[in-house]
Amino acid sequence: MEFKVGNATLQLIKSDITDIEADAIVNAANSTLLGGGGVDGAVHTKGGPKILQECKRIRDNEWPDGLPTGNAVITSGGNLKAKYVIHTVGPIWRGGVHEEAKLLRRAYWNSLKLAAAKGLKSVAFPSISTGAYGYPTEEASRVAVAAVKDYLRAEDRIERVTFVLFSQRDFDIYAQTAKEQLMPT
Ligand code: APR
């Protein structure tokens with residue numbers, strides 16, 4: 001499913017994000033940047049040790065106390081098809097009254113900003129925070145689509161953003177949200 005947003009294309013697909021060939025895929029990391037389960041586990045398992053080595057260097061040099069929620073850092077893609085991995089930390093859902101929407105929007109925005117600064121043209125996102133971090137998918141999809149839409153309308157260096165959903169249920173939720181917020185081409 002595709003939508004035109006500014007000069008860019010916003011795409012939704014159902015897949016494993018570690019199979020995606022974008023310039024960068026976004027990892028749903030945690031503040032330690034030292035790996036975990038879900039997307040994080042898949043990225044490090046398929047990407048290989050190079051990614052973790054670079055994450056450790058980033059921790060030592062830039063974020064000794066851990067990457068704050070909403071921030072993003074970039075490493076090579078290791079053995080992945082993607083050239084780069086952008087690691088961002090989404091908010092843990094705690095009922096929606098602890099600035100979760102603002103932090104989730106920031107995670108998408110900072111990931112796109114980092115990709116643009118690196119001169120990347122295509123970025124693929126998983127559904128950040130809706131797994132282990134418990135963010136309700138419907139609400140998260142509204143924040144995610146709005147953040148990407150606003151960014152692509154404000155800035156034109158990125159040409160394609162893909163939401164990579166891991167289940168049909170998540171795909172259907174994001175598709176409904178995208179139809180509500182965007183006009184399909
Ligand atoms: N490709 C695409 N999407 C995936 C994949 C994959 N290989 N694996 C899981 N997902 C989906 C999940 O189904 C969920 O919809 O990504 C979404 C985010 O789930 P998580 O990976 O659990 O990420 P998050 O909710 O942000 O929690 C992050 O979990 O894995 C740990 O180290 C990570 O502590 C961090 C926390």
Side-chain angles (χ1 to χ4, degrees), residues 1 10-49 51-56 58-59 63 65-75 77-82 84-96 98-112 122-145 147-148 160-178:
M1 180 178 287
L10 191 151
Q11 179 190 30
L12 287 81
I13 61 171
K14 185 167 88 66
S15 176
D16 178 329
I17 198 165
T18 59
D19 292 334
I20 300 300
E21 286 198 46
D23 288 346
I25 64 167
V26 177
N27 179 25
N30 60 57
S31 292
T32 71
L33 289 178
L34 301 179
V39 174
D40 206 2
V43 163
H44 284 285
T45 302
K46 273 208 184 159
I51 297 177
L52 185 59
Q53 281 157 13
E54 292 181 41
C55 285
K56 284 177 178 169
I58 290 169
R59 274 296 311 276
W63 296 104
D65 300 330
L67 184 67
T69 300
N71 282 54
V73 296
I74 190 165
T75 66
N79 304 326
L80 293 169
K81 292 176 186 165
Y84 295 95
V85 178
I86 290 172
H87 306 262
T88 192
V89 182
I92 295 170
W93 180 256
R94 294 186 292 158
H98 297 274
E99 298 201 311
E100 290 97 323
K102 191 171 144 203
L103 289 165
L104 184 62
R105 178 181 170 88
R106 197 180 295 164
Y108 282 94
W109 192 276
N110 284 333
S111 297
L112 290 170
S122 57
V123 181
F125 285 100
S127 175
I128 298 170
S129 283
T130 64
Y133 280 2
Y135 209 120
T137 305
E138 293 79 0
E139 183 48 37
S141 71
R142 285 193 281 275
V143 172
V145 171
V148 170
R160 172 179 291 271
V161 174
T162 304
F163 284 109
V164 182
L165 290 318
F166 208 41
S167 70
Q168 190 60 46
R169 174 185 176 277
D170 289 357
F171 179 89
D172 294 344
I173 289 168
Y174 272 73
Q176 179 57 34
T177 296

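Atoms within a ligand are numbered from 1 in the order they appear, just like the ligands themselves.
Taking every heavy atom of D16 and a limit of under 4.0 angstrom, the matching atoms of ligand 1 come to 1 (N), 6 (C), 7 (N). In summary, the atoms of ligand 1 found under 4.0 Å from a heavy atom of T130, numbered by their order in the structure, are 14 (C), 15 (O), 17 (C), 25 (O). For ligand 1 and D170, the ligand atoms under 4.0 Å from any heavy atom of the residue are 15 (O). Residue N30 has at least one heavy-atom neighbour below 4.0 Å for each of these atoms of ligand 1: 32 (O), 33 (C), 34 (O), 35 (C). Interface of D40 with ligand 1, defined as ligand atoms under 4.0 Å from a residue heavy atom, comprises 30 (O), 32 (O), 33 (C). Near S129, the atoms of ligand 1 lying under 4.0 angstrom from a non-hydrogen atom of the residue are 24 (P), 25 (O), 26 (O). Residue G36 has at least one heavy-atom neighbour below 4.0 Å for each of these atoms of ligand 1: 30 (O), 32 (O).
In this model, a donor atom of one side chain and an acceptor atom of the other lie less than 3.5 Å apart for D40 and N27. Side-chain atoms of S127 and Y174 form a donor-acceptor pair, as typed in the model, at a separation below 3.5 Å. A side-chain donor from one of D172 and Q168 sits under 3.5 Å from a side-chain acceptor of the other.
In this structure K56 satisfies the salt bridge (Lys or Arg N to Asp or Glu O under 4.0 Å) test with no other residue, sequence neighbours excluded.
Not a single heavy atom of T18 lies less than 4.0 angstrom from ligand 1. Not a single heavy atom of G90 sits closer than 4.0 Å to an atom of ligand 1. No heavy atom of G41 sits closer than 4.0 Å to any atom of ligand 1. Distances shorter than 4.0 angstrom do not occur between any heavy atom of G134 and any atom of ligand 1.
Shown here, atom 6 (C) of ligand 1 is in close reach of the protein: a heavy atom of it lies under 4.0 Å off.
Within a 6.0 Å radius of CD in E138, other residues, nucleotides and ligands contribute more than 12 heavy atoms.
A salt bridge is defined here as a Lys NZ or Arg NE, NH1 or NH2 lying under 4.0 Å from an Asp or Glu carboxylate O, and D65 with R59 fails to meet this definition.
The shortest heavy-atom contact between V26 and P126 is O-CD, 3.1 Å. A pairwise comparison of heavy atoms in S111 and F125 identifies CB-CE2, 3.6 Å as the closest pair.
Atom CG in N71 sits 6.0 Å away from atom CG in N110 (nearest 0.5 Å).
The shortest N/O to N/O separation between G131 and ligand 1 falls below 3.5 Å. The distance criterion of under 3.5 Å between nitrogen or oxygen atoms is met by A132 with respect to ligand 1. Every N/O-N/O distance between I128 and ligand 1 stays at or above 3.5 Å.
Proximity annotation for atom 18 (C) of ligand 1: of G38, S127, A28, S127 comes nearest, heavy atoms only. For atom 21 (O) of ligand 1, the nearest non-hydrogen atom from the set V39, L33, V43, T45 belongs to V39. Taking only non-hydrogen atoms, the option from Y133, W93, F166 nearest to atom 3 (N) of ligand 1 is F166.
For the pair T137 (side chain) and D170 (backbone), a donor-acceptor distance under 3.5 Å is absent. Formation of a donor-acceptor pair under 3.5 Å by the T162 side chain with backbone atoms of L12 is not found in this model.
In this structure, the side chains of I58 and T75 come closer than 4.5 Å at one or more pairs of heavy atoms. A heavy-atom distance below 4.5 Å is found between the side chains of W93 and P136.
Protein heavy atom at the shortest distance from atom 1 (N) of ligand 1 is I17 N, 2.9 Å. Of the protein's non-hydrogen atoms, G37 O, 2.7 Å is the one closest to atom 30 (O) of ligand 1.
Residue T137 does not touch ligand 1, judged by heavy-atom distances below 4.0 Å.
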